[in-house]
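Working notes, structure below.
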2 protein chains.
Amino acid sequence: MAIARAVDRRLFLLLERAHTRVFRDANNHLKSSIGLTVSQGGALFFLNRHDGCRIGDLAVGIGLGAPAATGLVDRMAKSGLVRRGAEKDDARASRVYLTEKGRGLSGAVADELKIFNDAIAHDFTDAEMETVYRFLTGLARGDYEGKL
Amino acid sequence: MAIARAVDRRLFLLLERAHTRVFRDANNHLKSSIGLTVSQGGALFFLNRHDGCRIGDLAVGIGLGAPAATGLVDRMAKSGLVRRGAEKDDARASRVYLTEKGRGLSGAVADELKIFNDAIAHDFTDAEMETVYRFLTGLARGDYEGKL
DNA sequence: CAATTATTATTCACATACAAAATATAACAT
DNA sequence: ATGTTATATTTTGTATGTGAATAATAATTG
């Protein structure tokens, strides 16, 4: 791969810009349609499949550090989307449960995500999207770490 | 394009996860190597080519809103990377100049970015990276807006 | 020229994320 | 049983970004 090109050194910054833009738009979109932020929507989407998981599982599940998960759950609990529950056998741990409201909204979140996903992939063939998936999955997994 | 797949609705969330991971790692990398955050490094990289630009130009140039640019410049000025200067003909505007220190570091930033870019693109062919570029550029430009 | 509108940047209140340190509890080892 | 080590989460302090509102100045228009 890769004879150096003029744009080479901007790949990383391009990722930053892409994220900033999409995150901003998605936040506005989601806030006006269902009153949630993207982070909270993502957590809801995860919890719909892992209701009652531990805070730590949520953190790993959505790719955040523990403190970020703590704060996210705090804010979501404050707005009535989830509630915290104790873990029987381990007083350190704490579980997260969807409330009625939270469960109700998680369907809408999935719908909105679908809209966004479709829009984002619109101009690309399946084969091209396969490449994009592989790229993003590799980043999310930290595949590049060994090459630094 | 695109028969719906099981992963479809996760594209957007995948982008979030990829960003979170890379941003975190890059921040740690950059902080320990040259003592800067990714955002400040990106600003420095831009300013190296647009020294003395307006705050608004910086914001547009790196894809941020005006308040974010204001804050970023404030913090960078506090750590001696840039200084603010007045605009002759327009008392509303304010210009940003690299300091010695800022200019000195911008070279190192470019080097570090190159390392990251190479690592990120490592497992992909030029043709594949072309697709990735087109994808990210489209996102950064908001091409999907019309398809929502 | 005065009134209105537009531009430029900042301030404010908030949400998000991080690393490092602190807390609390569990598990293990001596 | 007691002291050490590991685990789960929270707290603390900082950086980052947002939108809405504000301030200050410029430009336009009547």
Side-chain angles (χ1 to χ4, degrees), chain A residues 13 16-32 35-44 53-79 81-82 84-96, chain B residues 13 16-32 35-44 53-79 81-82 84-96:
Chain A
L13 296 176
E16 277 303 302
R17 291 195 56 149
H19 170 263
T20 301
R21 173 71 186 256
V22 174
F23 185 75
R24 182 197 298 139
D25 288 346
N27 248 322
N28 289 336
H29 190 81
L30 216 58
K31 268 186 206 153
S32 66
L36 292 181
T37 64
V38 160
S39 298
Q40 296 185 12
L44 228 47
C53 71
R54 289 185 171 191
I55 294 263
D57 297 331
L58 173 65
V60 172
I62 63 181
L64 295 179
T70 292
L72 191 54
V73 168
D74 283 349
R75 290 185 296 274
M76 290 175 76
K78 192 155 67 176
S79 46
L81 299 167
V82 301
R84 284 161 179 280
E87 167 72 290
K88 294 266 186 232
D89 306 323
D90 190 339
R92 295 167 301 181
S94 142
R95 294 195 172 271
V96 192
Chain B
L13 296 176
E16 278 303 303
R17 291 195 56 150
H19 170 264
T20 301
R21 174 70 185 257
V22 174
F23 185 75
R24 182 197 298 139
D25 288 346
N27 247 322
N28 289 336
H29 190 81
L30 216 58
K31 268 186 206 154
S32 65
L36 292 181
T37 64
V38 161
S39 297
Q40 296 185 14
L44 228 46
C53 71
R54 289 185 171 189
I55 294 264
D57 296 331
L58 174 64
V60 172
I62 62 181
L64 295 178
T70 292
L72 191 54
V73 169
D74 283 348
R75 291 185 297 273
M76 290 175 76
K78 193 156 63 175
S79 45
L81 299 167
V82 300
R84 284 162 180 281
E87 167 74 289
K88 296 263 185 234
D89 306 321
D90 189 339
R92 296 166 301 181
S94 143
R95 294 195 172 270
V96 192

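Here is how names work: the chains are called A, B, and so on, in the same order as the sequence lines, proteins then strands, and each is numbered from 1.
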Tabulated below should be each protein N or O lying under 3.5 Å from an N or O of nucleotides 17-21 of chain D; please produce it.
| unit_1 | atom_1 | unit_2 | atom_2 | d |
| --- | --- | --- | --- | --- |
| D:dG17 | OP1 | B:Ser39 | OG | 3.2 |
| D:dT18 | OP1 | A:Arg24 | NE | 2.8 |
| D:dT18 | OP1 | A:Arg24 | NH2 | 2.4 |
| D:dT18 | OP2 | B:Gly65 | N | 3.1 |
| D:dG19 | OP1 | A:Asn28 | ND2 | 2.8 |

Describe the nucleic acid contact of [X] in one word from base, sugar-phosphate, nothing, applying a heavy-atom distance below 4.0 Å.
| X | result |
| --- | --- |
| B:Arg95 | nothing |
| B:Thr70 | base |
| A:Arg21 | nothing |
| B:Glu87 | nothing |

Enter the distance from [X]:[atom1] to [Y]:[atom2] here, rounded to the nearest 0.5 Å.
| X | Y | atom1 | atom2 | result |
| --- | --- | --- | --- | --- |
| B:Thr37 | B:Phe23 | OG1 | CZ | 7.0 Å |
| A:Ser39 | B:Leu13 | OG | CG | 10.0 Å |
| B:Leu64 | B:Leu58 | CG | CG | 7.0 Å |
| A:Leu72 | A:Ile62 | CG | CD1 | 5.5 Å |
| A:Leu36 | A:Met76 | CG | CE | 7.0 Å |

Taking all non-hydrogen atoms of both residues, which atom of B:Ala59 and which atom of B:Ala69 are closest, and how far apart? CB-CB, 3.7 Å
Tell me, please, which residues at least two apart from B:His29 pass side-chain hydrogen bond (donor to acceptor under 3.5 Å, both in side chains). B:Glu112
Suppose the criterion is salt bridge (Lys or Arg N to Asp or Glu O under 4.0 Å): which pairs have a residue in residues 54-77 of chain B, not counting sequence neighbours? B:Arg54-B:Glu87, B:Arg54-B:Asp90, B:Asp74-B:Arg84
Name all pairs fulfilling the salt bridge (Lys or Arg N to Asp or Glu O under 4.0 Å) condition that reach into residues 16-26 of chain B, sequence neighbours left out, sorted by first residue then second. B:Arg21-B:Asp25
Does A:Val38 offer a backbone N or O that forms a donor-acceptor pair with the side chain of A:Asn27 under 3.5 Å? yes
For a 4.0 angstrom threshold against heavy atoms of chain A, report the outermost contacting nucleotides of DNA chain C in 5' to 3' order. C:dA15 to C:dA26
Once you round it to whole Å, what is the distance between [atom2] of [N] and [atom1] of [X]?
| X | N | atom1 | atom2 | value |
| --- | --- | --- | --- | --- |
| B:Asp89 | D:dA26 | CG | P | 9 Å |
| B:Asn27 | D:dT14 | CG | P | 16 Å |
| B:Met76 | D:dA15 | CE | C1' | 13 Å |

Expected rows: protein N/O vs nucleotides 1-7 of chain D N/O, under 3.5 Å:
| unit_1 | atom_1 | unit_2 | atom_2 | d |
| --- | --- | --- | --- | --- |
| D:dT7 | O2 | A:Arg92 | NH1 | 2.5 |

